[in-house]
Amino acid sequence: MAPLAPRTGDAVFANVERVNAELFTLTYGAIVRQLLTDLEEVEEVNKQLDQMGYNIGIRLIDEFLAKSNVSRCVDFKETADVIAKVGLKMFLGVTASVTNWDVDGTSCSLVLEDNPLVDFVELPDTCQGLYYCNILSGVIRGALEMVSMKTEVTWVRDMLRGDDAYELRLKLLKQVPEEYPYKDDE
């Protein structure tokens, strides 16, 4: 039997259960607000959002692989393209463009065309150091780590901070060789 062709982001998005976008956005906003109240330091909130995203990403990758029928990517460029066109579409309903590759092919930018997490959001002056969507960088980092890619994911531009776009920078730190829990010769 021939393997199934990978599904596009639109095809996967059409078949995934969704929650109300406003409920999702407002719930996320309430989480960020509670973190700001509890932790008080904006930098600590950024770290906590990244860690929460990482924990989500290490679990979300299983659902992504099961529902998208995407085969193993051959390199980091293909991986970034799958994240931009299938992963973000599947879970957020948006796509991104992959730009600004370095010469080694180990670093690129994802420029989001839209960001549903920031609907209804305005950052007060006291929160100007906050990366409100830092959970997304953690999700991507966690998911990539589960497929043997150690990465660094940071926000470069954020419209909530006055920039003209939402841009994440992905940098491949190392490709981790897969380790199997058993040996074939035993």
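Everything numeric in this text was worked out from a predicted model, so none of it was measured.
Distance SG/Cys73 to CD/Glu78: 4.0 Å, rounded to 0.5 Å. Distance CD1/Ile135 to CD1/Ile31: 6.5 Å, rounded to 0.5 Å. Separation of atoms CG (Asp158) and CG (Asp163) is listed at 6.5 Å; rounding is to 0.5 Å. Within the model, atoms CG of Leu160 and CG of Leu123 stand 5.0 Å from one another, a figure rounded to the nearest 0.5 Å.
Taking all atoms of both residues into account, the shortest heavy-atom contact from Gly129 to Asn46 is O-ND2, 3.0 Å. Across all non-hydrogen atoms, the minimal contact from Arg59 to Asn55 is NH1-O, 2.9 Å. Scanning all heavy atoms of the two residues, the minimum distance from Thr25 to Asp119 falls at CG2-O, 3.2 Å. Closest heavy-atom contact between Leu49 and Asn134: CB-CB, 3.9 Å. Here the shortest heavy-atom pairing between Asn115 and Cys133 reads ND2-SG, 3.2 Å.
More than 12 heavy atoms of other residues, nucleotides or ligands shown are found within 6.0 angstrom of CZ on Arg161.
With a 4.5 Å cut-off on side-chain heavy atoms, Leu172 and Ser107 do not count as touching.
Between Glu152 and Arg141 there is no salt bridge, since no side-chain N of the basic residue sits under 4.0 Å from a carboxylate O of the acidic one.
Relative ring orientation between Phe91 and Phe64 is described as tilted, the plane-to-plane angle lying within the 30° to 60° band.
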Q) So Ser109 and Arg169, side-chain hydrogen bond (donor to acceptor under 3.5 Å, both in side chains) or not? Walk me through it. A) CA-CA 4 Å; Ser109 291; Arg169 188 79 184 152; 2.9 Å; yes

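Screening Val156, Leu168, Thr99 for a side chain to side chain contact (heavy atoms under 4.5 Å, CB included) involving Val111 leaves a single residue, Thr99.
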